[in-house]
Colleague: 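Attaching a single structure in structure tokens format; questions to follow.
Computed from a predicted model, the values in this text were never measured in an experiment. Here is how names work: the chains are called A, B, and so on, in the same order as the sequence lines, proteins then strands, and each is numbered from 1.
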Amino acid sequence: MCNRFRAVGREELIRYAREAFGIDWDPERPRYNIAPNTIQAIFVKDDEDKLVATQARWNLIPFFEKGEKAGTSFLRTNARSEEVLGKPSYREPIQKRRCLVPADAFYEWEHLHDGRVKLPYAFELNPTRPFTFAGLWERGNETRPPSFTILTTSPNELVAKIHDRMPVILSDENAHRWVAAGPMTKETLAPFVRPFPAEKMHCHRVNPAINSVRADTAEAAAPANTDDPVASAEQPPAQGELF
DNA sequence: CCAGACGTTGTT
DNA sequence: GTCTGG
DNA sequence: CCAGACGTTGTT
DNA sequence: GTCTGG
């Protein structure tokens, strides 16, 4: 789960970065449909321990993967918070390269009719406002930019209706702590990776046009038109041909 | 995550 | 069915 | 010792 | 690079 998210409210995101983190950041364009392997802003500590926005690719490529095909065997867009301390890909990032991923929604799909129908939902804070995912990043090199992944955890009651995992969302207070220097142990990690409270979130169905990663538009990210097309959207496609 | 492709030969 | 691209 | 993995999600 | 499996 959580392989799509949204960051569209330019003014809100600018204000959030400045007021919550003291970061001078302008997302420049709204991203309605952020997909794996795309470049997106993350917040990291710089050499002087100051929080800054930088660009990174969503799909963490671990330091041991070299060459052209690095990162192509499978996605590392999510990292299980339960496993992250021990996995070779994340062992060092969880200690030294934690980051924040600014967003204002994430998408989840409800699968119907044996997976032939996929209904997208947007999950937002309530009231809707920007937030950050807990992320990890890895350095880039001559041929590729830095890369990042988003931690996952068990779902809260709201997300559990659709999926059995959810991304780790940080309170503003925890976001500061997340990127503060310090060793991470099972005990110190635990308070960060608890499911974000369901009562502070809400969700709604979205236009299925969002399914296509190329649909990076306000129309595709708009709430589903519940006046009519629910039935048709949920109608199973024809079951093969009858000769 | 979902959508869309899924192939070879020739080759001025 | 399975892989790649976004 | 060497070889091979190194990851997550979904499963109406 | 480092860990796991054989």
Side-chain angles (χ1 to χ4, degrees), chain A residues 1-7 29 31-40 55-97 101 103 105-123 133-139 141 144-145 147-155 159-168 193 195 203 205-217 220-221 224 230-231 233-240:
Chain A
M1 54 119 306
C2 195
N3 275 301
R4 289 307 169 84
F5 66 98
R6 194 191 74 192
R29 71 185 175 103
R31 297 299 314 276
Y32 296 93
N33 199 353
I34 299 163
N37 288 311
T38 55
I39 304 289
Q40 187 65 16
Q55 297 280 103
R57 187 181 300 275
W58 187 21
N59 180 17
L60 188 146
I61 298 176
F63 68 101
F64 54 78
E65 286 203 0
K66 319 281 187 189
E68 296 292 312
K69 284 176 283 185
T72 57
S73 54
F74 49 77
L75 290 174
R76 288 187 183 89
T77 44
N78 296 151
R80 293 178 61 87
S81 55
E82 302 90 336
E83 318 276 349
V84 81
L85 287 166
K87 294 284 186 186
S89 295
Y90 307 132
R91 246 184 106 154
E92 199 173 292
I94 188 65
Q95 299 299 343
K96 300 181 181 174
R97 285 185 294 280
V101 184
F106 65 92
Y107 300 110
E108 300 285 2
W109 277 262
E110 181 180 20
H111 295 91
L112 303 173
H113 308 299
D114 206 16
R116 281 169 292 139
V117 170
K118 298 166 183 176
L119 293 179
Y121 289 74
F123 289 83
F133 296 117
L136 307 177
W137 67 281
E138 188 51 87
R139 297 187 195 90
N141 59 26
R144 65 184 190 231
S147 56
F148 72 97
T149 191
I150 295 173
L151 268 66
T152 65
T153 187
S154 48
V159 180
K161 293 175 183 176
I162 309 289
H163 281 296
D164 63 356
R165 301 291 291 170
M166 69 178 286
V168 173
V193 301
C203 73
R205 279 216 305 121
V206 172
N207 182 350
I210 204 74
N211 291 13
S212 172
V213 295
R214 289 176 174 80
D216 190 7
T217 65
V230 178
E234 294 180 351
Q235 200 69 31
Q239 286 262 12

Colleague: Rounded to the nearest angstrom, tell me the gap between atom CZ in A:R116 and atom P in D:dT11.
Modeller: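 About 14 Å, once rounded to whole Å.
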
Colleague: Quickly work out the A:Q40 CD to B:dC1 P distance and round it to whole Å.
Modeller: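 Interatomic distance, CD of A:Q40 to P of B:dC1: 20 Å.
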
Colleague: Taking atom P in both D:dT12 and C:dG1, compute the distance separating them and give it to the nearest angstrom.
Modeller: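 Nearest-Å result for D:dT12 against C:dG1 at atom P: 15 Å.
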
Colleague: Measure all distances between protein nitrogen or oxygen atoms and nitrogen or oxygen atoms of nucleotides 3-6 of chain E, and list the pairs falling under 3.5 Å.
Modeller:
| unit_1 | atom_1 | unit_2 | atom_2 | d |
| --- | --- | --- | --- | --- |
| E:dC3 | OP1 | A:R91 | NH1 | 3.2 |

Colleague: By side chain to side chain contact (heavy atoms under 4.5 Å, CB included), which residues pair with A:D216, not counting sequence neighbours?
Modeller: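 Partners of A:D216 under the side chain to side chain contact (heavy atoms under 4.5 Å, CB included) test: A:R29, A:R31, A:Y32, A:N33.
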
Colleague: Could you pull out all residues at least two apart from A:P145 that satisfy side chain to side chain contact (heavy atoms under 4.5 Å, CB included)?
Modeller: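 Only A:I39, A:R57 meet the side chain to side chain contact (heavy atoms under 4.5 Å, CB included) criterion with A:P145.
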
Colleague: Give me the distance, rounded to whole Å, that separates D:dT11 from B:dC2 when you measure between the P atoms they each carry.
Modeller: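 Nearest-Å result for D:dT11 against B:dC2 at atom P: 9 Å.
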
Colleague: Can you list the residues that meet the side chain to side chain donor-acceptor pair (under 3.5 Å) rule with A:W109, with sequence neighbours excluded?
Modeller: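 With sequence neighbours excluded, A:W109 shows a side chain to side chain donor-acceptor pair (under 3.5 Å) to A:N211, given in chain and number order.
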
Colleague: Counting side-chain heavy atoms from C-beta on, which of B:dC1, D:dT12, D:dT9 comes nearest to A:N3?
Modeller: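 Nearest to the side chain of A:N3 among the choices is B:dC1.
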
Colleague: With sequence neighbours left out, what residues match A:A70 under side chain to side chain contact (heavy atoms under 4.5 Å, CB included)?
Modeller: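 Applying side chain to side chain contact (heavy atoms under 4.5 Å, CB included) to A:A70 gives A:I61, A:E65, A:R144.
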
Colleague: Quote, to the nearest angstrom, the P distance that separates D:dG10 from B:dC1.
Modeller: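 One P to the other, the span is 6 Å.
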
Colleague: Just to confirm, is there a sub-4.0 Å distance from OP1 or OP2 of B:dC1 to any side-chain nitrogen or oxygen of A:T77?
Modeller: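 No, A:T77 has no side-chain N/O under 4.0 Å of OP1/OP2 on B:dC1.
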
Colleague: Indicate whether OP1 or OP2 belonging to D:dG7 is found under 4.0 Å from a side-chain N or O atom of A:R76.
Modeller: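 A:R76 to D:dG7 OP1/OP2: no side-chain N or O under 4.0 Å.
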
Colleague: Would you indicate, yes or no, if B:dA3 has its OP1 or OP2 atom less than 4.0 angstrom from a side-chain nitrogen or oxygen of A:S212?
Modeller: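 Indeed not, no polar side-chain atom of A:S212 lies that close.
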
Colleague: Rounding to the closest angstrom, what is the interatomic distance between B:dA5 and D:dC6 at atom C1'?
Modeller: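 B:dA5 and D:dC6 have their C1' atoms separated by 28 Å.
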
Colleague: Considering only the C1' atoms, how many Å lie between D:dT9 and E:dC3, rounded to the nearest integer?
Modeller: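 Comparing C1' positions in D:dT9 and E:dC3 gives a spacing of 24 Å.
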
Colleague: Considering every strand and a 4.0 Å limit on heavy-atom distances, what is the contact class for A:N37: base, sugar-phosphate, or nothing?
Modeller: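 Contact class for A:N37: base.
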
Colleague: Looking only at the side chain of A:T152 (C-beta and beyond, no hydrogens), which of the listed nucleotides D:dT8, D:dG10, D:dC6 gets closest?
Modeller: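 It is D:dT8.
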
Colleague: I want to verify a distance call: between B:dG4, B:dC1, D:dT12, whose nearest atom is closest to the A:R214 side chain?
Modeller: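 Nearest to the side chain of A:R214 among the choices is B:dG4.
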
Colleague: Look at the side chain of A:T77 and the backbone N and O of A:T149, then say whether any donor-acceptor pair between them is shorter than 3.5 Å.
Modeller: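 No, A:T77 side chain to A:T149 backbone: no donor-acceptor pair under 3.5 Å.
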
Colleague: Go through the structure and list residues passing side chain to side chain donor-acceptor pair (under 3.5 Å) with A:S89, not counting sequence neighbours.
Modeller: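 By the side chain to side chain donor-acceptor pair (under 3.5 Å) rule, A:S89 matches A:R76.
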
Colleague: Find the distance A:M166:CE to D:dG10:P and express it as a whole number of Å.
Modeller: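 A:M166 atom CE is separated from D:dG10 atom P by 12 Å.
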
Colleague: I need the CD1-P distance between A:I210 and B:dA3, as an integer number of Å.
Modeller: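 Atom CD1 in A:I210 sits about 11 Å away from atom P in B:dA3.
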
Colleague: With no hydrogens and no angle check, is any side-chain donor or acceptor of A:T153 less than 3.5 Å from a backbone partner on A:V193?
Modeller: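 Such a contact is found between A:T153 side chain and A:V193 backbone.
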
Colleague: Rounding to an integer number of Å, can you tell me how far A:L75 CG sits from D:dC6 P?
Modeller: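 Nearest whole value for this atom pair: 15 Å.
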
Colleague: Please work out if A:P62 contacts a base, only the sugar-phosphate, or nothing of the nucleic acid, heavy-atom cut-off 4.0 Å.
Modeller: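 The residue A:P62 makes no contact with any strand.
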
Colleague: For C:dT2 versus B:dG7, give the span between their P atoms, rounded off to a whole number of Å.
Modeller: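 Taking atom P in both C:dT2 and B:dG7, they lie 15 Å apart.
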
Colleague: Counting a pair only when it is Watson-Crick or G-U and both distances are under 3.5 Å, which runs of at least 3 such pairs involve DNA chain D?
Modeller: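 Detected stem regions: D:1-6 with E:1-6.
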
Colleague: Would you please name every residue forming a side chain to side chain donor-acceptor pair (under 3.5 Å) with A:E82, sequence neighbours left out?
Modeller: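 By the side chain to side chain donor-acceptor pair (under 3.5 Å) rule, A:E82 matches A:R165.
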
Colleague: Counting only side-chain nitrogens and oxygens, does A:H111 get under 4.0 Å of the OP1 or OP2 atom of B:dC2?
Modeller: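 Yes, within the criterion.
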
Colleague: Within this structure, what is the CD-to-P distance between A:E83 and D:dA5, rounded to whole angstrom?
Modeller: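 In whole Å, D:dA5 P lies 19 Å from A:E83 CD.
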
Colleague: Mind calculating the distance between CZ (A:R165) and C1' (D:dT8) to the nearest angstrom?
Modeller: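 My rounded result for the distance is 9 Å.
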
Colleague: Check whether A:N59 reaches the backbone of A:G71 with its side chain - one donor and one acceptor, N or O, closer than 3.5 Å.
Modeller: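 A pair under 3.5 Å: yes.
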
Colleague: Can A:F64 be called stacked on D:dC6 when the rule is centres closer than 5.5 Å and an angle between planes below 30°?
Modeller: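 Check passed, A:F64 stacks on base of D:dC6.
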
Colleague: B:dT8 and C:dG5: how far apart are their P atoms, nearest whole angstrom?
Modeller: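 That atom pair is separated by 16 Å.
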
Colleague: B:dC1 P sits how many Å from A:R31 CZ, rounded?
Modeller: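 Between P of B:dC1 and CZ of A:R31: 19 Å.
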
Colleague: Which residues satisfy the ring-ring contact (aromatic ring centres under 6.0 Å, His included) test with A:F133, sequence neighbours excluded?
Modeller: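 A:F133: ring-ring contact (aromatic ring centres under 6.0 Å, His included) contacts with A:F5, A:F131.
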
Colleague: OP1 or OP2 of B:dC1 less than 4.0 angstrom from a side-chain nitrogen or oxygen of A:K118, does that happen here?
Modeller: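 Checking B:dC1 against A:K118, no side-chain N or O comes under 4.0 Å of OP1 or OP2.
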
Colleague: With side chains defined as the heavy atoms from C-beta onward, is the minimum distance between A:L136 and A:R97 less than 4.5 Å?
Modeller: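 No. Closest side-chain heavy atoms not under 4.5 Å.
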
